[in-house]
Amino acid sequence: MFIWGTGVPALIAKTPLGVVDYLFFSPASASARSRLLEAMGQTLPVTALGMVAGLGFAFLLAISSRLFPRAIRAFMPVALVTQTMPLVALTPLLVLVLGRGMSLTLWVTISVTFFPAFVTLAQGIALVPRSAQDVPRAYGASAWTEMRLVTIPASLPYLFAATRLTVPRALLGVMIAEWLATGKGLGNLLNQSRGFMDYGMIWTVAAVSVLLSVVFYQLVVVAERRVLRRLGMQTAE
């Protein structure tokens with residue numbers, strides 16, 4: 001309705017039906033699907049790897065904030081600088097250091113995912129009741145044992161919340177790296193389509209990116225419900 005109301009030419013602004021027609025019924029639909037599937041095959045594995053790496057880094061950082069608070073305080077200014085610097089300005093510097101391969105994509109993806117995940121996880125760890133933490137300590141458990149048996153299981157809801165935050169950001173980070181540096185995947189396909197003024201593919205990549213983010217988000221929600229329900233049953237027993 002917005003596109004029809006503004007009077008933007010159909011050649012430029014595609015409706016959802018226009019995207020479906022471009023992808024499945026137009027004369028060039030077979031070529032469009034082939035290019036889209038090839039780009040998705042390059043983007044999705046790196047997205048999954050970058051999401052796991054970003055979450056893992058944030059998780060280790062959140063745990064270290066409890067075990068080694070002084071070290072984290074020294075690291076935080078560096079992390080804040082990487083978050084405030086625009087990726088458009090940071091990526092060329094990373095290209096000079098890391099090249100245009102997988103390491104660059106992973107670095108950009110970790111950069112856009114780890115900080116919100118770390119903040120969420122650190123908050124969850126900080127909210128674990130002191131009374132629960134004192135039980136293993138009363139039996140002489142080490143700080144790591146207390147963290148493993150009490151703090152980490154108690155902060156699982158925050159871990160899933162951090163995962164929900166990182167899923168769309170991981171895809172965004174990979175596509176940014178592909179757009180600016182690597183020349184692969186959905187980001188590069190979007191960039192090429194812009195150069196060729198292939199508006200059908202531009203809107204298709206945008207729609208597919210949104211759909212992928214929604215699907216990944218919902219998968220995390222389903223996994224969260226099942227895991228927390230199972231842990232609740234175990235606790236009740």
Side-chain angles (χ1 to χ4, degrees), residues 1-55 86-88 91-92 95 100-102 104-106 108-113 116 160-161 163-226:
M1 293 297 294
F2 176 78
I3 295 175
W4 293 333
T6 55
V8 180
L11 176 66
I12 298 176
K14 300 294 183 180
T15 64
L17 291 179
V19 171
V20 172
D21 177 72
Y22 172 83
L23 201 55
F24 295 102
F25 302 109
S26 68
S29 60
S31 174
R33 289 196 304 271
S34 175
R35 289 184 292 145
L36 181 65
L37 291 175
E38 181 182 1
M40 289 175 60
Q42 295 171 344
T43 297
L44 294 183
V46 184
T47 300
L49 184 59
M51 185 187 69
V52 172
L55 269 177
L87 282 176
V88 175
T91 302
V95 170
R100 296 178 179 270
M102 176 77 73
L104 171 68
T105 304
L106 289 178
V108 173
T109 306
I110 291 173
S111 176
V112 301
T113 57
F160 281 107
T163 306
R164 292 198 304 270
L165 282 174
T166 58
V167 163
R169 294 177 67 90
L171 181 60
L172 174 64
V174 172
M175 291 184 64
I176 289 174
E178 291 170 344
W179 175 289
L180 295 175
T182 65
K184 297 179 180 179
L186 290 174
N188 182 62
L189 180 60
L190 191 64
N191 195 24
Q192 287 181 339
S193 302
R194 177 184 60 85
F196 292 128
M197 291 187 290
D198 186 355
Y199 297 107
M201 182 58 74
I202 291 174
W203 284 92
T204 298
V205 172
V208 167
S209 302
V210 172
L211 289 175
L212 287 173
S213 297
V214 172
V215 169
F216 292 156
Y217 185 93
Q218 291 301 320
L219 288 176
V220 175
V221 171
V222 171
E224 177 183 10
R225 290 174 180 171
R226 290 186 177 181

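Model, not experiment: these values are computed from the prediction.
- For the pair Val205 and Met175, the minimum side-chain heavy-atom distance is below 4.5 Å.
- Glu178 and Leu186 make their closest contact through OE1-N, 3.1 Å (heavy atoms, listed as atom of the first residue, atom of the second, distance).
- Distance CD1/Ile176 to OG1/Thr182: 12.0 Å, rounded to 0.5 Å.
- Side chains of Leu104 and Val95 form a contact here, defined as non-hydrogen atoms less than 4.5 Å apart.
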Criterion side chain to side chain contact (heavy atoms under 4.5 Å, CB included) on Leu212 and Thr47, from CA distance to verdict | CA-CA 11 Å; Leu212 287 173; Thr47 300; over 6 Å; no
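- Scanning both residues, Met40 and Pro45, for their nearest heavy atoms gives O-CD, 4.0 Å.
- Taking each heavy atom of Gly54 and Ile110 in turn, the nearest pair found is N-CG1, 3.9 Å.
- Residues Val220 and Val167 approach most closely at CG2-CG2, 3.8 Å, considering heavy atoms.
- Atom CG of residue Leu49 and atom CE of residue Met102 lie 6.5 Å apart, to the nearest 0.5 angstrom.
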Under the side chain to side chain contact (heavy atoms under 4.5 Å, CB included) rule, what do Val112 and Leu172 come out as? Steps first, then yes or no, please.
-> CA-CA 8 Å; Val112 301; Leu172 174 64; 5.8 Å; no
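- At least one donor-acceptor pair closer than 3.5 Å links the side chain of Arg100 to the backbone N or O of Ala181.
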Would you check, one step at a time, whether the test side chain to side chain contact (heavy atoms under 4.5 Å, CB included) holds for Arg35 with Gln192?
-> CA-CA 11 Å; Arg35 289 184 292 145; Gln192 287 181 339; 5.9 Å; no
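- A heavy-atom distance below 4.5 Å is not found between the side chains of Arg194 and Leu190.
- Of the possible donor and acceptor atoms, none in the side chain of Asp198 sits under 3.5 Å from a partner among the backbone N and O of Ser193.
- Heavy atoms from other residues, nucleotides or ligands lying under 6.0 Å from CZ of Arg225 number 12 at most.
- The main-chain N or O of Ser26 is found under 3.5 Å from a side-chain atom of Ser29 such that the two form a donor-acceptor pair.
- Ser213 and Leu171 make their closest contact through OG-CD2, 3.5 Å (heavy atoms, listed as atom of the first residue, atom of the second, distance).
- Across every non-hydrogen atom of Thr43 and Gly185, the tightest pair is OG1-CA, 3.2 Å.
- Here the straight-line distance linking atom CG of Leu165 with atom CG of Leu55 works out to 9.5 Å at 0.5 Å rounding.
- Atom CZ of Phe24 sits about 9.0 Å away from atom OG1 of Thr204, to the nearest 0.5 Å.
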Is there a side chain to side chain contact (heavy atoms under 4.5 Å, CB included) between Met51 and Thr109 once you walk through the steps?
-> CA-CA 7 Å; Met51 185 187 69; Thr109 306; 5.9 Å; no
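- No side-chain donor-acceptor contact under 3.5 Å links Ser34 to the backbone of Ala30.
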